[in-house]
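Heavy atoms only: backbone and side chains are in, while hydrogens, waters and symmetry mates are out. Within every chain, numbering begins at 1; the chains are lettered A, B, ... in the order of the sequence lines, protein sequences first and strands thereafter.
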There are 2 protein chains.
Amino acid sequence: MYGDDVAPGWSIGEVSRRTGITIRTLYHYDEIGLVRPAQRTASGHRRYTASDVRRLYRVRALRRFGLSLEEIATALARSSDDVVALRDLFAAQLAEFEASALRAARLSEQLRGLIEQLDAAAMPDPEQFLTTLEMISVYETYFTEEQREVLARRRADLGEQVVEATKMEWLELVRAFKQHVEDGTPVDDPAVRDLAARWETLGVPYASPDPQANDRIAASTAALWRDHKDEVSRGVSNQVEWLAPDDLPKIMEYVDRVRQAR
Amino acid sequence: MYGDDVAPGWSIGEVSRRTGITIRTLYHYDEIGLVRPAQRTASGHRRYTASDVRRLYRVRALRRFGLSLEEIATALARSSDDVVALRDLFAAQLAEFEASALRAARLSEQLRGLIEQLDAAAMPDPEQFLTTLEMISVYETYFTEEQREVLARRRADLGEQVVEATKMEWLELVRAFKQHVEDGTPVDDPAVRDLAARWETLGVPYASPDPQANDRIAASTAALWRDHKDEVSRGVSNQVEWLAPDDLPKIMEYVDRVRQAR
DNA sequence: TCTTGCACCTCCCGTGGCGGCAGGTCCTAC
DNA sequence: GTAGGACCTGCCGCCACGGGAGGTGCAAGA
């Protein structure tokens, strides 16, 4: 066609079919200078040489590995004299893949948990579920990724059984304190003092070996509680029947006073 | 400030600090109607209520799970009356996570292989390595994802040892054929006929149970060889010393004639 | 000769989820 | 009076193209 068939190389359409790259993408690569066909025909049509097509295959391969077009351009520009740069680029990309795989795995797990909750219909009320969602985000806001990492690993190490047991014991303590609040037990009573001591030992198995990390986590927890008493209380009271949404703040205040009385 | 502190809710700056969402993002959410602050002050400043902030936290949580802002908008709009839609959304997202994790794992493995090759300095010449890259892309162009899947699984099932053994045997056959080409052995000689028979049995362990799939893979392979003789030959001759870049096409032609002679 | 049709060209707008800047307003504190 | 900070709107930029409009060049059929 056009008598171009005597010209060497291939038209853009032929190249597109051969390589599986869309024509639009070929235009784009030409535009940004990544793969420029060596020549044009008299009528202005692009002619790709064998070396152009080879370059295209290289670009495609590197793209598959998630490199940006800019990275590919610099890599192909200097890769002829050092393979080391390419190696480093690959290594960096590999590290990123692995990091994102880790993130994806964590998110998958969380999602699975949420789906399970929804399936178990443990949360019939959509509002309750949305509150859970809020808490997820609040949690992310107050704890750094590193802290979440530490906590998640700790929980995993201890196992679900232990975590559940801790939860139950904490709830028992809350229930006991609730009774004492209602009874107006004085804060220096030995009974509540013992309860407060048990309260403090609850977190011990979750502590990390680094005391400073513990302090930071405690500070974050305190800030979270300070700023989001209401949401947390609602969340907890959704889980147990004997707790009204505004009980927990009162109880926590009482516990604090008991601790200070020591 | 501005005497706004008597107005209920929070300014955009305060919300940004509390939630960790940038002000620009808050503007964006307002613009697209995803989170509109309930009111404005007389001077036009945004005031976020507690319910606005709750909505923000929900949005953040859903974003973390990779939902698009549009999906979040529809989810939050109707989630109050059906949690099922949300559950399905999560399930779909989970499936996507898992698919992308699979892709990432495959790419990681390929990258690791390439890095290993580079580290082993088995490829001192950058040009050789770039040819390898080309071949990766060519391979992708000629085989569909499904076919690659089948081949990869087959290789994994057989184990590296077997694959390596096949490679070695194939190279031996090539070497034998090369000798016959040079000697000018006629194509109906029993010796070369036997070699061709062995050649054909080589691929048998890699065949999938579905004969049509095998045919398609064979066709793809033929097309690849037809269009990329030179690259493949260069690639193979890079790996062994006794093979010149233009030997392989001649050998393959000879093998073809031997087969047809039967 | 006219039409139809195809391959190709350039130019330009759109995507998602914001980042960032310019230039203005509003209010407080020194 | 002015310096500064928080806030406002409007607009351009990113990345890797997708897609469409509107034009050109050429061949084959009616």
Atom-to-atom span, CZ of Arg40(B) to P of dC7(D) - whole angstrom
13 Å
Winner on side-chain proximity to Ile12(B), out of dC8(C), dG17(C), dC8(D), is dC8(D)
Consider the side chain of His45(B), meaning its heavy atoms from C-beta on, and name the nucleotide among dC8(C), dC7(D), dT9(D) that approaches it most closely.
dC7(D)
Between dG13(D) atom P and His28(B) atom NE2, what is the distance in whole Å?
18 Å
Do any side-chain nitrogens or oxygens of Thr22(A) fall under 4.0 Å of OP1 or OP2 in dG18(D)?
yes
Quick one, Leu94(A) and Phe90(A) - any side-chain contact, counting heavy atoms below 4.5 Å?
no
Please state how far atom CD1 in Ile23(B) lies from atom P in dG5(D), giving the value in whole angstrom units.
14 Å
Spacing between Leu26(A) atom CG and dG19(D) atom P, to the nearest angstrom:
15 Å
Here the distance between atom P of dT9(D) and atom CZ of Arg46(B), to the nearest Å, is 4 Å
Within the pair Tyr29(B) and dC18(C), is there a side-chain N or O less than 4.0 Å away from OP1 or OP2?
yes
When rounded to whole Å, the CZ to P distance for the pair Arg64(A) and dA16(D) reads 17 Å
Main chain of Gly9(A), side chain of Arg47(A): is a donor-acceptor contact present, judged purely on distance under 3.5 Å?
yes
Is there a side-chain polar atom (N or O) of Thr25(B) under 4.0 Å from OP1 or OP2 of dG19(C)?
yes
Taking for each residue the nucleotide of DNA chain D bearing the nearest heavy atom, is the 5' side occupied by Leu67(A) or by Asp30(B)?
Asp30(B)
Specify whether His228(B) and Tyr57(A) have parallel, tilted or perpendicular ring planes, treating 30° as the upper limit for parallel and 60° as the lower limit for perpendicular.
perpendicular
Contact class for Ile32(A) (heavy atom, under 4.0 Å): base, sugar-phosphate, or nothing?
nothing
Quick check for you: among dC9(C), dC8(D), dG19(D), whose closest atom lies nearest to any side-chain atom of Arg24(A)?
dG19(D)
Phosphate-side-chain proximity, Arg17(B) and dA6(D), N/O vs OP1/OP2 below 4.0 Å:
no
I want to check something: taking the side chain as every heavy atom from C-beta on, are Tyr206(A) and Val163(A) in contact at a cut-off of under 4.5 Å?
yes
Is the backbone of Val35(A) close enough, under 3.5 Å, to the side chain of Arg55(A) for a donor and an acceptor to pair up by distance?
no
Over how many whole Å does the gap from Tyr27(B) atom OH to dC21(C) atom C1' extend?
13 Å
Is Ser11(B) close enough to dA6(D) that one of its side-chain N or O atoms is under 4.0 Å from OP1 or OP2 there?
no
Nearest-Å distance for atom pair CD/P, residues Glu70(B) and dG14(C):
17 Å
